[in-house]
Number of protein chains: 2
Amino acid sequence: MDDIDKLNRIIQRGKPLQKGEYLYRTNDVFNAVFAIRSGAVKAISISEKGDEQVMGFHLLGEVVGMDGLAENIYNNSVIALETSSVCEIPFNRLEELSLLIPTLQRHFLLLMSREIKHDQQLIALLSKGSAEMKISTLLLNISTSNGLRHLSTNNFTLPMSRVDIGNFLGLTIETVSRIFTRLQKNKVITIDNRSISITDTSALRTASSGA
Amino acid sequence: MDDIDKLNRIIQRGKPLQKGEYLYRTNDVFNAVFAIRSGAVKAISISEKGDEQVMGFHLLGEVVGMDGLAENIYNNSVIALETSSVCEIPFNRLEELSLLIPTLQRHFLLLMSREIKHDQQLIALLSKGSAEMKISTLLLNISTSNGLRHLSTNNFTLPMSRVDIGNFLGLTIETVSRIFTRLQKNKVITIDNRSISITDTSALRTASSGA
DNA sequence: CGGAAACTTGAGCAGAGTCAATAATTGTGG
DNA sequence: CCACAATTATTGACTCTGCTCAAGTTTCCG
């Protein structure tokens with residue numbers, strides 16, 4: 001794994017971001033992508049009318065910043081939801097490197113197309129899903145992501161507020177809250193503020209695909 | 001423009017697709033992207049439950065098939081909405097070529113990131129928008145796309161059915177129909193089956209951003 | 001021409017939004 | 001470390017947008 005070695009040499013470990021700090025902002029010049037090493041961030045875009053749209057949450061292990069690649073400026077802003085540390089991967093140096101490591105090109109294409117796939121799943125969810133389906137799916141996604149990083153799939157703390165969840169899924173905070181209490185009443189989850197336990201995964205899975 | 005020359009040499013002009021014919025299907029092996037030369041197509045994906053989700057419409061001048069690039073199989077299926085002709089751009093030969101034409105690499109990244117941007121606008125629309133906003137936005141998008149190709153921005157024929165529109169925007173066909181008649185009553189558009197005239201563009205723009 | 005598919009329109013209903021009041025949690029300065 | 005303010009979350013009553021069900025009309029196409 002010599003390639004990994006070379007890669008490691010150009011990665012910069014940045015200082016941790018505090019909650020609410022920006023990793024980058026819309027229209028900043030694109031010069032790096034970032035890997036989340038700990039914590040969690042949200043990506044947002046601002047509409048012409050000035051209101052915020054949450055485009056996604058990114059947890060430990062995920063890579064953000066690809067959205068700036070083509071036009072050389074970031075399309076979204078990314079904000080820390082909690083204290084988070086990120087690795088900066090400078091892109092100009094990465095481009096030099098891709099000449100040496102042909103697989104790297106392909107790797108980037110893969111990252112981008114994964115993003116497209118992810119966005120499209122979200123489109124399907126937003127287009128068809130009830131409030132309960134949306135929230136159940138979000139919980140399952142976080143659970144799955146945790147699984148990949150060897151964290152607990154059944155007990156975790158939500159890094160984002162109800163406002164962010166509602167904004168992301170196209171729901172009001174009241175509805176988000178009501179769905180959480182409903183899922184709890186139905187013994188699918190246990191939730192206390194932001195700490196959540198999935199008590200019946202298969203029921204949650206059923207709910208996420210339209211009871 | 002020698003590059004364009006080289007490009008032209010590897011493009012294949014295929015036979016026209018008839019309405020309802022597939023350009024490619026989900027899980028087909030990826031080997032080309034396609035430029036729409038005339039007509040219109042829709043991209044769809046099928047959920048686990050077997051129902052169809054319209055992921056987008058692609059009109060004259062657009063490029064489809066990028067969704068297969070990373071994993072070497074197409075994520076979506078693409079179907080002709082009307083008789084359409086497409087150019088096939090074989091990817092393996094394009095890859096050889098990118099070595100000769102460095103700008104081509106960048107061009108592909110641009111196409112992909114444009115797709116991401118587009119998807120994200122759709123996410124914002126689906127997440128926040130009322131039925132009227134959704135439909136107005138769709139009409140404006142078609143109008144704009146026509147403008148780019150030097151077609152009429154104010155009078156055109158919708159290539160897709162109400163079912164497809166509803167499916168795409170997360171609405172029922174009844175709602176689609178009602179919104180059309182409402183926009184007509186408000187003198188924003190004139191619509192007769194699939195032929196549509198935008199009579200008050202600024203009103204339509206207002207409607208699209210939330211009256 | 002006739003049947004199927006696509007579209008429109010209406011009446012009633014339900015899921016999610018709005019408005020409003022309260023409770024819990026977090027953060028801050030004394 | 002406590003008290004108070006600010007933020008965040010819950011819950012209830014009511015409203016409204018968009019869905020369902022149903023009937024009728026128009027368009028398409030063999």
Side-chain angles (χ1 to χ4, degrees), chain A residues 18-21 42 51-52 54 79-83 125-139 157-186 189-196 207-208 210-211, chain B residues 18-21 40 42 51-52 54 79-83 125-139 157-186 189-196 207 210-211:
Chain A
Q18 294 306 311
K19 176 178 175 173
E21 278 190 288
K42 65 173 172 180
D51 40 34
E52 173 176 324
V54 174
I79 306 180
L81 289 166
E82 57 192 41
T83 305
L125 180 65
L126 290 174
S127 170
K128 292 269 202 323
S130 65
E132 188 166 306
M133 284 171 67
K134 291 177 181 175
I135 290 186
S136 306
T137 303
L138 176 64
L139 294 180
T157 300
L158 296 173
M160 70 293 279
S161 69
R162 305 288 192 266
V163 174
D164 284 334
I165 295 175
N167 186 318
F168 179 54
L169 296 175
L171 301 170
T172 59
I173 56 173
E174 292 95 329
T175 301
V176 173
S177 185
R178 278 188 253 269
I179 299 292
F180 276 144
T181 47
R182 180 153 97 216
L183 288 173
Q184 184 159 41
K185 269 186 192 126
N186 297 343
I189 62 173
T190 308
I191 187 162
D192 176 30
N193 195 21
R194 296 204 186 173
S195 80
I196 188 167
S208 78
Chain B
Q18 293 306 311
K19 177 177 175 173
E21 276 189 289
K42 65 174 174 181
D51 40 33
E52 171 177 325
V54 175
I79 306 179
L81 289 166
E82 56 192 38
T83 306
L125 180 65
L126 290 175
S127 171
K128 292 268 203 323
S130 65
E132 189 168 305
M133 285 172 66
K134 291 177 182 176
I135 290 186
S136 306
T137 303
L138 175 63
L139 294 181
T157 299
L158 295 173
M160 70 293 277
S161 69
R162 305 289 192 265
V163 175
D164 284 334
I165 294 175
N167 186 318
F168 179 54
L169 296 173
L171 301 170
T172 58
I173 55 173
E174 292 95 330
T175 300
V176 174
S177 184
R178 278 188 254 270
I179 299 291
F180 276 146
T181 47
R182 180 151 98 215
L183 288 173
Q184 183 160 41
K185 269 186 192 127
N186 298 344
I189 61 173
T190 307
I191 187 162
D192 175 31
N193 196 20
R194 296 203 185 174
S195 79
I196 188 167

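Small disclaimer: the values here were computed from a predicted structure and weren't measured. Order of the sequence lines sets the chain letters (A, B, ...), proteins ahead of strands, with each chain counted from 1.
Comparing D:dT8, D:dT11, C:dC7 by their nearest atom to the side chain of A:Arg194 picks out D:dT8. Comparing D:dG18, C:dC7, C:dA16 by their closest approach to the side chain of B:Thr175 singles out D:dG18. Here the side chain of B:Ala131 is nearest to one of D:dG18, D:dA9, C:dT8, namely D:dG18.
Contacts of A:Arg182 with the nucleic acid, taken as non-hydrogen atoms under 4.0 Å apart, are absent. Looking at heavy-atom distances under 4.0 Å, A:Gly166 makes no contact with the nucleic acid at all.
The closest donor-acceptor contact from the side chain of B:Ser127 to the backbone of A:Gly170 lies under 3.5 Å. Not one N or O on the side chain of A:Ser136 forms a donor-acceptor pair closer than 3.5 Å with the backbone of A:Met133. Formation of a donor-acceptor pair under 3.5 Å by the A:Asn167 side chain with backbone atoms of A:Glu52 is found in this model. Judged by distance alone, with hydrogens and angles left aside, the side-chain atoms of A:Ser177 form no donor-acceptor pair with the main-chain N or O of A:Ile173 at under 3.5 Å.
Protein atom CE of B:Met160 is 11 Å distant from nucleotide atom P of C:dC7, rounded to whole Å. The separation between B:Lys128 atom NZ and C:dA16 atom P is 17 Å, rounded to whole Å. When rounded to the nearest whole Å, the span between CG of A:Leu81 and P of D:dT8 equals 12 Å. Atom CD1 in B:Ile173 sits about 11 Å away from atom P in D:dT20, given to the nearest Å. Rounded to whole Å, the distance from CZ on A:Phe180 to C1' on D:dA9 is 11 Å. In this structure, A:Leu158 atom CG and D:dT10 atom P are separated by 10 Å, rounded to whole Å. Between the C1' atom of C:dA16 and the CD1 atom of A:Ile135 lies a distance of 11 Å, rounded to the nearest Å. Atom pair A:Leu126:CG and C:dA16:C1' shows a separation of 15 Å (rounding to whole Å applied).
Regarding contacts with the backbone of C:dT8, every side-chain N or O of B:Thr181 stays at 4.0 angstrom or more from both OP1 and OP2. Regarding contacts with the backbone of C:dA5, every side-chain N or O of B:Ser161 stays at 4.0 angstrom or more from both OP1 and OP2.
Contact record, B:Leu81 with B:Lys19: O-CG, 3.4 Å, taken as the closest heavy-atom pair.
Of the two residues contacting DNA chain D, namely B:Glu174 and B:Ser130, the nearest-nucleotide position lying further toward the 5' end is that of B:Ser130.
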Item to check | Sugar-phosphate or base contact per nucleotide [nucleotides 23-30 of chain D; S, B, -; heavy atom under 4.0 Å] | outcome: ----SS--
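No side-chain heavy atom of A:Leu169 sits under 4.5 Å from any side-chain heavy atom of A:Thr175. Contact annotation: the side chain of B:Ser161 approaches that of B:Arg194 to within less than 4.5 Å [non-hydrogen atoms, C-beta and beyond].
Put simply, the side chain of A:Arg178 and the base of C:dG15 share no donor and acceptor less than 3.5 Å apart.
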